[in-house]
Each structure stands twice: as C-alpha cells, then as structure tokens.
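Encoded as structure tokens, the structure appears first; notes follow it.
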Amino acid sequence: MSTETTNPVRWIDICGLDELTPNVGTAALVAGEQVAIFLLPPAASGAESSPRPEIYAVGNHDPFGGANVISRGIVGDLNGEAMVASPLYKQHFRLADGHCLEDDRVRLPVWPIRVVEGRIEIGVASAE
Amino acid sequence: MNKSKLVVIGNGMVGHHFLTALAERGGKDQFAITVIGEEPHTAYDRVHLSEYFSGRTLEQLSLVEAGDFDQIELLLGDPATAIDRSKKVVTTAAGKSLAYDQLVLATGSYPFVPPVPGREREQCYVYRTIEDLDGIMAGAKRSRVGVVVGGGLLGLEAANALTNLGLEAHVVEFAPQLMGVQLDQGGGEMLRRKIEALGVTVHTGRNTKEIVDGSEHLHRMNFADGQSLETDLILFSAGIRPQDKLAAESGLVLGERGGIEIDDGCRTSDPDIYAIGECALWQGRIFGLVAPGYQMAKAAAEVLLGGEGRFRGADMSTKLKLLGVEVGSIGDAHGRTEGSYSYQFQDERSESYKRMVVSADGTTLLGAVLVGDTSAYDTLLQYALNGIELPDSPEALILPASSGGAEVGLGPDKLPATAQICSCHDVTKGAICEAMDNGCRDLASLKSVTKASTGCGGCAALLKSVFDAELVKRGIEVNTDICEHFGYTRQALFHLIQVEEIRSFDELIQKHGRGLGCEICKPAVASCLASCWNEYVLEPPHAGLQDTNDRFLANMQKDGTYSVVPRVAGGEITPDKLIVLGEVARDFGLYTKVTGGQRIDLFGARMEQLPQIWSRLIAAGFETGHAYAKSLRTVKSCVGSTWCRYGIDDSVGLAIELENRYKGLRSPHKLKMGVSGCTRECAEAQSKDVGVIATERGWNLYVCGNGGMKPRHTDLLATDLDRATLIRYIDRFLMFYVRTADRLQRTSVWFEGLEGGLDYLKAVVIDDQLGLGDELERQMQHLVETYACEWQRTLDDDAAARRFRAFVNTDDLDNGVVRVVERGQPRPATEQERRDLAVTSDN
C-alpha cells in the first residue's frame, strides 16, 4: 500500500515478496535508516477487506525503549486498525501512519512501500 | 515514654491473635509485652492439627509470622504458676517473677477425661498438643485397634486420624447419638450410617465403667451395660474444660462450672486482668471455637488501647467435613425455641439429611442441620444470621431442585452490609464493599486486603458471589474475554482447540474470533496450540504468533540483543561443558552471569549471532533451556544423598529426571521446580510451582509456591510418594493447570482463585474425582514423547536460520548496539555513554 507523497520518490529495491512471511516482521536498511516491514494477510473479516495482502513500512527504532526492535513485534489489529506492538514495553503503533495509540505525541516514521513484479520496493525522498 | 507492662499468659491461637491485633493497633509502642507459654512452641494452628499426621510439619502449622515477636519478651516451656493480684506479679514454674500493669489470660482449655478407673494406663492419650500427637503416632505403631472416647466434633476428627494411621477405629459415645451439641437425632443417625460405611464402628449410649487388661489387645473397656470392647490404644476426646486454675487460685470470679467470667470488654472481676478464648466465660457460655476467641482477642486489644472493643457473643454455627462426610449445623439445630416448627428432608439413597427450624410465625430461620450435603449451608446461615424474611415456601431451601424446590438461593444482593461473610476474620459484606470502593478489583487483592477467606476458607464461594455481585452493581463489567478478538477466556480457547482439534491460529480466529489478533491473544493461542499438539513453534503458521523471545528462542534485553541460556538439568554440569560455555562467551564477547535457577546466562548476543552460538553449544551436547518461553525453566536441586552428610535421597537424580520430563512443556506462565534431598530444604522447593522434598518414606509433593513479586509458600499436596506416583501426580497437576489457568497466571495465583482450594486440587489430582486422571497423564505423555530441542530444529532448517539476519537486504549490523566494559565484562552503553562515544568517533 503506497502513501501519496508530494515529494518525488525514489524507489529502492529491498527483497523478493517471497522472502517475507505473513505476520512476521522483517528489518531492512534503507538509505541508512532502519525500516520495519510487515506483510499482513488480507483482513480475515470485515466489509472493506481488500483481496490483496497489505504491506507496511515503519521505523524500526522503538522511541520508548530506544532500541531497533519494532520489526520483532507482534502485528495485529485494535479496533479494526492494523498495528504493531513493541516487543520491549508493548506500546501499540498504527501501521498506516506510525502513530502510537497510547501516546499521541509519539509516532514512528513511515515509508511508501509497494510490490513490483514480485519485488518489494520502498520509496525514499529523492535528492532535489 | 515509660511503657506499661503487659503480661500475656498463653501463646495459643487466641493468645497469638491478641498479640497481632494489639501490634496492628500500635500496641507495641504503648506496652512492654511479655508472653508466657506453657508449651515449648510458639502458636500453631490447632484447627488443622490432624494434618500433622499427614506430614504437615510444626513449622507449616505455625501461626507466627516474621516480626511478630519483635520487641516482645517470650518465655516458652515455662508455665505461669501463680498470680499475686495485690502485688501485680506473675510467677512461673522456673521461679521467674514478672510484674505487670495489665495481664491477659489466654490459657485456653484442657481435654476432659472422664473419671474412669484405668484411664491412666499406658497407650491412653488426649488430643490437643503437638506432643499429644507425637505420642499417638508412636502408640499407633504398636497398635491395630484404636478407640476414641467421645463422639463429638473433635472425637470424630480424632477417629479420622486413627483411621489414617492405619488403625481399626471405634468411637464410644456416652450419649445416644453422635455430635449431640450440633445435630438433632435424625442428623446424628445419618452421620452414624455414613461413618460406619467408612469403616469406623460407632458405639452410642455406652458408659465406660473401667479399663482393664485385655486378652487379645492391651486394654479391655468394660461398659455399664455389661458389654466390652478390646483395643490397643484409647484416645479421650470427651470435650474441653476451661484452663482456669491459675485464675481460681488468685481469686478471680469463675462460673459455677468453671470459666473465668468476663464482661463485653473481656475484663475479669479484676479490672487489670483480661481473659480471652476458651478459658473465658461470657454470659455463662464458653466458646470452644476459634472465631469467637479471635473476636475476644480483638476486643481486648482495643479495650487495652483505650478503645471501645466489645465482644457480643458469637454464632456457633459450623460447617465441616468429618471423615469425608459433610456436616453443617446452624443456630437452634434442635428446635428448642418455643413454638418453632421444622421441615425435614431425608434421602436414604444418597444418604443426606436436612432439617430447618423455623419461627412460630414462619418468617425467620432459627436453625438447621445438614448431613451429607451442605450445599445449602451458606444460604441458610445468612437467612439465620441476618433475620432475612423467608420465602413463602421455605421448604424449597432444602429440597432438591428437581423435586419442585426451585433454586431459591439467597442472592448476595439480599445480604445487609452487616452480614458476616468470613467468620474467622470477622469480615462483613460492608467491609468487602469498602475494600472494593478503595480499588480492589480482583479476588486475590480483596483477600489480601480484608483477610476474608484466608482462615478456614469455608466462605470462599460466598465471598466470590458477593464479589461478583458487587462488581456488577458498580457497573464494572466482569469481562473475562481474553481480548477484543475472542469472546472467550484462555481456558475456553484451550478447550475449543483441544475438542475441535484446531491446529492453527488462523483456523481458530476464523471459526471463533474476529479481526487479525493482537499481542495478547496470539502468544496465548500459540501456547495452547503447543500444549495440545507440540508442533515446532517457528513453523510458518506459528512464527508470527510468538513473542519476540519465543520467535528468536532467546531473551530480548533492553538494547535489542539477546541472552542465551542452555539447559543445565538439575544444575549439574560437567567441567568440559562448563569450559565450552566460557569459550563461547569469550569468543562472542558475551557477558556471563550465574542465574538463580542454577545455570549460566550469556548476555548480549546479536540476533545474527544466535545460530552460530547455538551450533557451538549443540555440538558440545547442550540443548535449549527455554528461558525465553512460558514453560518449564529449571528444576533446582541440592546436592542430595550422593554427597551430603544429611541427604536422605538422590535429589539431583530426581531433579534431572523431572527437568528432562517436563522440559519444553508450554504453559500459561513460566514454571519453576525444586527438589530437596532432606527437610533442610536447601533447594528452596517450597517456593516453587512444584516442590519435592525427600522423606524417610519417599517424597513429599508441594505445589503452587512462588518467589518473586508476591511470595507464596507451597501447599503440601501429598506425602511419602514413590517415584512413579510422584510423577503421575505432577503430570496431572501440571496438565490441569495448563488447561484451566488464565494467560500469564502463575500456579500461585491460579491456586488462590481455585474454588475449593487445596481440597479440590487433591480431589482432582489424587482422588481423580473428575475422572480426568488418565487423560491428563496421556496428554503429558504425548508432550514428553514429542519433545524436540527447538534450537536443533532451527539449525536443521536453512529457511529458519535465515530469519536471524539483522536486515533482509544487507549483511550490515545494527549500529544501535553499543557496548562499554565494566568489571571486566561488556554491558550496554548508557545514553550518556553513547553520546560521548559518538562525539569521540566523529572526531
């Protein structure tokens, strides 16, 4: 699922879709930043479930615990919104925009991410 | 400030309760306290004295908690012999003189022995102190037949003890029926039938004339009616008499038939002397139960501190199990109130008897007798104690539901705030509501704050129903759903998985849940799946369910690296293996620390190092230690009989056997065990989920202990077991816990919430009352047979091993891991140290 951005985006090839396991996070190093990538299966229920799996890319750094561990958290949903729980102190972060559900002032960075011909690509702001 | 001198004579249950009640109210600041005890021990639980026969030790029966005797002078084994009231001095047998300003008599009672010629022969005992019990145990070894003189409550308990000691037991009662104080004739008859069916012979209406030499056995008891009975051992339990000799000799006012007269403030005829417990006579009555004694103790403590403590009498209703027979008695059990009438229900097939005594106008319950089925006791007691108006057809209260007697249980809402819920600690419904208003939201904290249901435990079910009703009343939904994705408890989910043979989280959530799941339900379901089917936890359908520790088979630390703990079963390790651990730690730069569970923890492994570390460890013969999992951690052991001069049995050998049997068992929370080779208990087994201690005759099994945040000593489940039975019981216990506990609920907390408590657990594990024994054992055996080391399995699988890379797209390492050296070992850098290091490297 890609997020619309106003800046021009440079897409960086990360890995094959088949290298990801649904519901199991993966970390990638993208332009010096640690990114946590999650592949969710199509929503199990719910009216507006998309037929395709959903992919998210958020920051791997846990702002509460101070360690690079978000990719190792458990993913799921709370009140219908996809989220990841930090493996250190269990705060929840919304995968769509990185917002922490327990503390509105805290959010993880998010990156646009897409699948092109079976490859995962993450978008970074291209140098002007 | 000059403290007043307070002397307390007697350190029995009531005497000790007085000390704690006084201390709780700040009494130690006001009084210099001296306690004189005749027995060589401090207070112990006489109510559960018979458990001494089944292996409960004096230490476990002790009522003394740490600090109880701080600032108190304690003289044990030295009885007080005189009170000089004019000089205000107490003298003891050893010749000590103790001056007092105030004196408390808590001298208790002594067993009444009828004046039968021959009562002083050898192998004749009474049943009151630990020393009495030691004598009985020694005597029982030389005996085949034992007689209890006295068919009251204590006599029947003593008969039970004799049966447990392997004797053919008889009960001889002077009156025409058993338990004449508490039961009417019909109830006494039913009790007799049930007890005789259990192999105890009952002789009622027998007046023992003399005890002489027997021909087959040591004694012959000759009865007034010409009959006789031969026996090897005689136990007198014909009632108690107040221990009032000291008071009588010092001129205090006694009742006509003994007992030290007291007023509502527990003062005797001398205003500086108080009497409490079974030695005291209040309005012409002696109270031979512990709860009224405690109430006197509390009242006396308050009065001594200038308060308004009042003893107002006590309800003598009782509910108990005698020789496994349920018996209950409430209020006017005999229907002696004028104009009262009664209802009776008798079921000869299931052998139960129930009687209600109702006031002349039919509105109030005055008393009741229940034998064989006491399920109506709580409800009836509340009707009687609180004078709650009876329903139109009160007989329905004792009729079986099937015979038209609809469920007429008294809802807790109908109880007034003054209704006493726990009689041991005198906790009212009002006190429970207040504790809940102050934030108690679960049963365990309610018990610890109010002490309700921590005495005899008889009120547990009532307490729970009041608690539940009050939660609802406060609009607090009692939601036991595990999370928003499943409308079930963990216990229910476990059941669904097992019965429907569900093999994956996806299948479970599709059939019984909604949404995607979360970090609450996923690991809980993963644990249930593992407990049922024992599949490799990192199979693709399961991997995403695991907490990070389970997912990487190591323990995540604060900086995102992991610690590694190989299994060292029983804490036994060869020098070669110890060297390997040292080499691995050195080669990978790991911090090492010895754990509390007798193994070695290697800290600071990066994720991508884990497979390399484990291939070294496995090559050296190690296997995974499950330190990362909610499962068996360690079985701690002392060195046992192989080396120790005091060891009775091979604790290390058993610990290794247990650890190898239960390793890998996924459970609601972590499990710790311990095995000690003798009662010195060096393995601290009594603070573990499962503890085993060697005895001369086998192994004692203890369960549901905990160290940590809320320490709890174990309860003794079974004694003197052989190895096979021990393991069978542990199998059943663990599997029952795994099936029924909530997520992240240790055995100690699970046990606190278990309705029926220890008796229920014994019924399930030992007596197999649920008929689950075989199934629980089979299920455990399946898990034992399907065990596989998860690290071995992980290394065998290339795909699994690949998941340990730091990044999917590069071999770079996580630059967030920064170390400094302290005391010769690496540790994570603090934030300040990181900043300092960053500056240095930038320069």
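Just so we're on the same page: letters track the sequence lines, and every chain starts at 1. Predicted, not measured: the structure shown is a model, and the values here were computed from it.
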**Message:** Counting neighbours of NE2 on H512(B) that are heavy atoms of other residues, nucleotides or ligands and sit closer than 6.0 Å, is the number greater than 12?
**Reply:** yes
**Donor-acceptor contact present, side-chain D77(A) to main-chain L516(B), <3.5 Å** = yes
**Request:** Check the pair V808(B) / C15(A) against side-chain contact (heavy atoms from CB on, under 4.5 Å), numbers first and verdict last.
**Result:** CA-CA 7 Å; V808(B) 66; C15(A) 62; 3.9 Å; yes
**Request:** Report, as yes or no, whether the 6.0 Å neighbourhood of atom CD on E117(A) holds more than 12 heavy atoms from other residues, nucleotides or ligands.
**Result:** no
**Message:** If I measure from the heavy atoms of chain A, does E484(B) come under 4.5 Å with its side chain, its backbone, both, or neither?
**Reply:** side chain
**Prompt:** What do you reckon, is CD of E831(B) surrounded by more than 12 foreign heavy atoms closer than 6.0 Å?
**Reply:** no
**Request:** Pick one of side chain, backbone, both or neither for H61(A), based on which atoms fall under 4.5 Å of a heavy atom in chain B.
**Result:** neither
**Request:** Sort out for me which of M83(A), Q34(A), R72(A) touches chain B most, counting heavy-atom pairs under 4.5 Å.
**Result:** R72(A)
**Item:** Pick from V75(A), N60(A), I120(A), D13(A) with the largest number of heavy-atom pairs that fall under 4.5 Å of chain B
**Value:** V75(A)
**Prompt:** Shortest non-hydrogen contact from N809(B) to A28(A)?
**Reply:** OD1-CA, 3.5 Å
**Message:** So that I can tick it off, tell me whether K90(A) and D547(B) are bridged by a salt bridge, with the cut-off set at under 4.0 angstrom between side-chain N and carboxylate O.
**Reply:** yes
**Fill in**
Among Q557(B), R803(B), M607(B), the residue with the most heavy-atom pairs under 4.5 Å to chain A is M607(B)
**Asked** Can you tell which of I37(A), I14(A), T21(A) has the highest number of heavy-atom pairs within less than 4.5 Å of chain B?
**Response** I14(A)
**Request:** Considering non-hydrogen atoms only, spot the tightest contact between T810(B) and L29(A) and give its length.
**Result:** CG2-CB, 3.7 Å
**Message:** Taking every non-hydrogen pair under 4.5 Å, which of V35(A), V30(A), N23(A) racks up the most with chain B?
**Reply:** N23(A)
**Shortest non-hydrogen separation from C518(B) to L78(A) and the atoms involved** = CB-CD2, 4.5 Å
**Fill in**
Residue from N549(B), D559(B), T561(B), T548(B) scoring the most non-hydrogen pairs under 4.5 Å with chain A is T548(B)
**Asked** Does D104(A) CG have over 12 foreign heavy atoms under 6.0 Å away?
**Response** no
**Asked** Considering residues, nucleotides and ligands other than R802(B), do more than 12 of their heavy atoms fall under 6.0 Å from its CZ?
**Response** no
**Prompt:** Shortest non-hydrogen contact from G560(B) to A67(A)?
**Reply:** N-CB, 3.9 Å
**Message:** So which atom in G25(A) and which in R551(B) form the shortest heavy-atom distance, rounded to 0.1 Å?
**Reply:** O-NH2, 3.1 Å
**Asked** Side chain, backbone, both or neither: which part of N79(A) has an atom under 4.5 Å from a heavy atom of chain B?
**Response** both
**Prompt:** Is it the backbone or the side chain of V84(A) that comes under 4.5 Å from a heavy atom of chain B, or both, or neither?
**Reply:** neither
